[in-house]
Structures are given as C-alpha cells and as structure tokens.
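Side-chain atoms are counted along with the backbone in the values below, which use heavy atoms only and exclude waters and symmetry mates. Here is how names work: the chains are called A, B, and so on, in the same order as the sequence lines, proteins then strands, and each is numbered from 1.
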There are 2 protein chains.
Amino acid sequence: MKTPLPTDLKGDLDAIVEAFLYLYTESRRLTKEIAARHGLTGPQLTVVKMLEALGELPLSRLSEKIRAQNSTVTGIVDRMEREGLVTRARSAADRRVVHIRLTEKGAALAREVQVEPMDIFREALEALTAEEARTLLRTLRKVARRVEMLVEAATEAEAK
Amino acid sequence: MKTPLPTDLKGDLDAIVEAFLYLYTESRRLTKEIAARHGLTGPQLTVVKMLEALGELPLSRLSEKIRAQNSTVTGIVDRMEREGLVTRARSAADRRVVHIRLTEKGAALAREVQVEPMDIFREALEALTAEEARTLLRTLRKVARRVEMLVEAATEAEAK
DNA sequence: GCCGAATGTTTCGCACAGCAAATTTCAGCC
DNA sequence: GGCTGAAATTTGCTGTGCGAAACATTCGGC
C-alpha cells in the first residue's frame, strides 16, 4: 500500500462495491427487459450477439465465451433452434463438433436488437470526461489484475 | 467535457465494460463456489450475510436489498427455513409483515463463512491507494446517477 | 365503525439456467 | 483393431425468477 491513509477507506470500499453492484444488476435487468421485448431471454440475447459478431461457432467455443457448461448451452441452443433462430451443423472436418449458426431470422433479430448487453452502462459511461474514463480504466485494470492473482492463488491452494 | 480528447475514447469505454464484466462474473463465480462449499447457493449466502449484518428483516426489505421480487425471496427463504437456517416470525406491530431471522445454526454458518459476497472484489480493491479509491468511487457514482436517469427516462417513455 | 384502497406475503404456474454423471460418437495414436 | 480422450448430448435434479391472483391486514376517509 503506497498511501496507508486508513481514514475511512473501508467505508469507501463498501460504497464502491455497492455502486458496482447497482450498476451491474441494473444493466442486467435492462438487458433482460430488452431481450424480453424481442421474445428472448438474457443468455439467448448474449448468444445472438455473439454469433452476430463472430459468425458460426462450435458449441464448446460458445460455452467458453459465455462461461457456462456444455450441457447448459445445449439447452439454450435447443430452445433457440426450436424458435428457428439458429441451426446446428456437424463439422465436416471433425464430425464430433457441431457448429452453431444464426438463421436468417436470427440474423435479422440481431440487427433489430441494436443494443448490446451492458449497453446502458456503456451509454452512461459517456457522461465521463476522457480523462475520467482513462483513469477509471486504469483503476479497473489494476483491480482486475489483482483479482486474477487472488484467483490463481486460490486455485493453487485448492490443488493442495 | 473538461478534456475533449476524443482520441479512442470508444475503445476505452469498451475496455471498461470488459474489465467490469470480468470483475463481476469472476467475483460471482467465486462467491458461488464458496457458498457451495458450505451447502449454500449464491443468493442464500447473500441472505445469510445480510441478516448477519442487519439483524432480522421484513421479507420485503430483504427483497429490496437483494433486488428480487417478493415471490422469489419467499422461495429462497422457504428453502433456507427447511434447512433450519432462518425462521419466520410475524410482527406484533403489523401482523402483515414477516420478520426473517437467522437461527443459531444460521448465525454459526454466517460466522463460519467469513467471506462476504463480492469479497474477492473488495479484497482486490485494497490494492488501490486511498486516492485511487476515492476517485473510483466518485466516478462510479457519477455513472450510477447517469444510469438512474436513463432508467427513469426509459420507464417514462414506456408509460406513454 | 365501516368501506375501499393500499400494503405485505404467499401460492401457483411457468420457463429457464445450471450442473453433474452417464452416454454416444468420433478422432488420433500405438 | 483397441485404447484414450474430446465434443456433444441426454437425463435428472435443484434453484432462480417472474407475474398474476389470492389472502390477510392495515390505514385513510367519512
């Protein structure tokens, strides 16, 4: 710690966590609302946008991207396929893998929903000055690096 | 804008969103993992810690705190009551309201799980200087206010 | 003191998310 | 060919989450 000032740093940290949680849950709630307006659920909107950005993807790749298990994603894709939003196609190169791709209907929907997840958050960020944004980014990155370290330490401790 | 530098502000904002999401999902994943280690789910751990900090709470108050509907919280409390972690008690003052309180078992569990939700995030925040923390807080608050405004604007537009 | 509105909670029905374990199909290797 | 491991799916289960409706209670007004 460079500046040990123990003033009411603790209070500040609590407040940061609170603000952070507010921002996240609110952004997420809105995303869900937008998704619902188009007959989608939150995760489904995420998938649609992911596929729009990256083109077709093996299911496993998709699972990694949205941080879920294959079996979970299988279910999500099932429901989306049922709605005619995506198609499955076995890979010619490796017939174990299944490529997920947007249908025309899915692609149209993706274009229609111009809002990306977390968009309201992004929009709110525009109230910041460039200076503030840069500082915020630097700070968040610092915190992120620290989280990474803590995570590593934790997983190592587990592999005791 | 004090510093109009429109350099690659957009890129910065994207990076902020990314870092933000990383921090959230990672913190949440860890919280869930810790909760699971003690036979709890994520929301249940949140409730336990909330009650530990605030004492008994009306169910509605609890719902607000964890940002969920009453009907959702009823379910969560049901399961926790089944496990003997909390009790319900009708208020004497207003017999409509139900106070949720930790049982001895619940309180013991709360003491045992010293980690609060988002704790790893909080821990990572300690890598910041007091100065940085204060700036971060100020910036997040600003963004939060902006989100609030956007939310209000959106809900008003809906009530057209 | 009664009535209608408001408040707090629960019930019900529903759909999705999410996981683990077991299974199937396939690729690559010896 | 037989083995091992990877990719995806199936199955079975639990929890989350919501909205609508039901219910009890309280409160405000008259």
Value in whole Å for how far the [atom2] atom of [N] lies from [atom1] of [X]:
{"X": "A:L85", "N": "C:dC16", "atom1": "CG", "atom2": "C1'", "answer": "15 Å"}
{"X": "A:Q69", "N": "C:dA17", "atom1": "CD", "atom2": "C1'", "answer": "12 Å"}
{"X": "A:I66", "N": "C:dC16", "atom1": "CD1", "atom2": "C1'", "answer": "13 Å"}
{"X": "A:I100", "N": "D:dA7", "atom1": "CD1", "atom2": "P", "answer": "14 Å"}
{"X": "A:R37", "N": "D:dC18", "atom1": "CZ", "atom2": "P", "answer": "16 Å"}
{"X": "A:R67", "N": "C:dC19", "atom1": "CZ", "atom2": "C1'", "answer": "16 Å"}

Please identify each residue that fulfils salt bridge (charged side-chain N to carboxylate O under 4.0 Å, His left out) with B:E83, with sequence neighbours left out.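 Expected list: none.
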All salt bridge (charged side-chain N to carboxylate O under 4.0 Å, His left out) counterparts of B:R111, not counting sequence neighbours: B:E104
Which parts of residues 70-84 of chain A get close to DNA chain D, meaning a heavy atom less than 4.0 angstrom away?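 Residues of residues 70-84 of chain A under 4.0 Å from DNA chain D: A:N70, A:S71, A:T74.
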Which atom pairs link the protein and nucleotides 22-26 of chain C when you take only N or O atoms and keep those under 3.5 Å?
{"from": "C:dC26", "atom 1": "OP1", "to": "A:R95", "atom 2": "NH2", "distance (Å)": "3.4"}

Just jot down the side chain to side chain contact (heavy atoms under 4.5 Å, CB included) partners of [X], sequence neighbours excluded, or say none.
{"X": "B:R67", "answer": "A:Y22, A:T25, A:E26"}
{"X": "B:V98", "answer": "B:R88, B:R90, B:I100"}
{"X": "A:R95", "answer": "none"}
{"X": "B:T135", "answer": "A:T135, B:E131, B:R138, B:T139"}

Does B:Q44 make a side-chain N or O approach to OP1 or OP2 of D:dG15 shorter than 4.0 Å?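 No, because none of the side-chain N or O atoms of B:Q44 sits under 4.0 Å from OP1 or OP2 of D:dG15.
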Is the shortest side-chain N/O distance from A:T41 to OP1 or OP2 of C:dA17 below 4.0 Å? yes
B:R141 and B:L137, any side-chain heavy atoms less than 4.5 Å apart: yes
Roughly how far, to the nearest 0.5 Å, is the OG1 atom of A:T72 from the CG atom of A:L62? 11.5 Å
Can you tell me which residue pairs pass the salt bridge (charged side-chain N to carboxylate O under 4.0 Å, His left out) test with a partner in residues 68-77 of chain A, sequence neighbours excluded? none
Reckon B:R88 touches a base, only the sugar-phosphate, or nothing at all at heavy-atom distances under 4.0 Å?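 Sugar-phosphate contact only.
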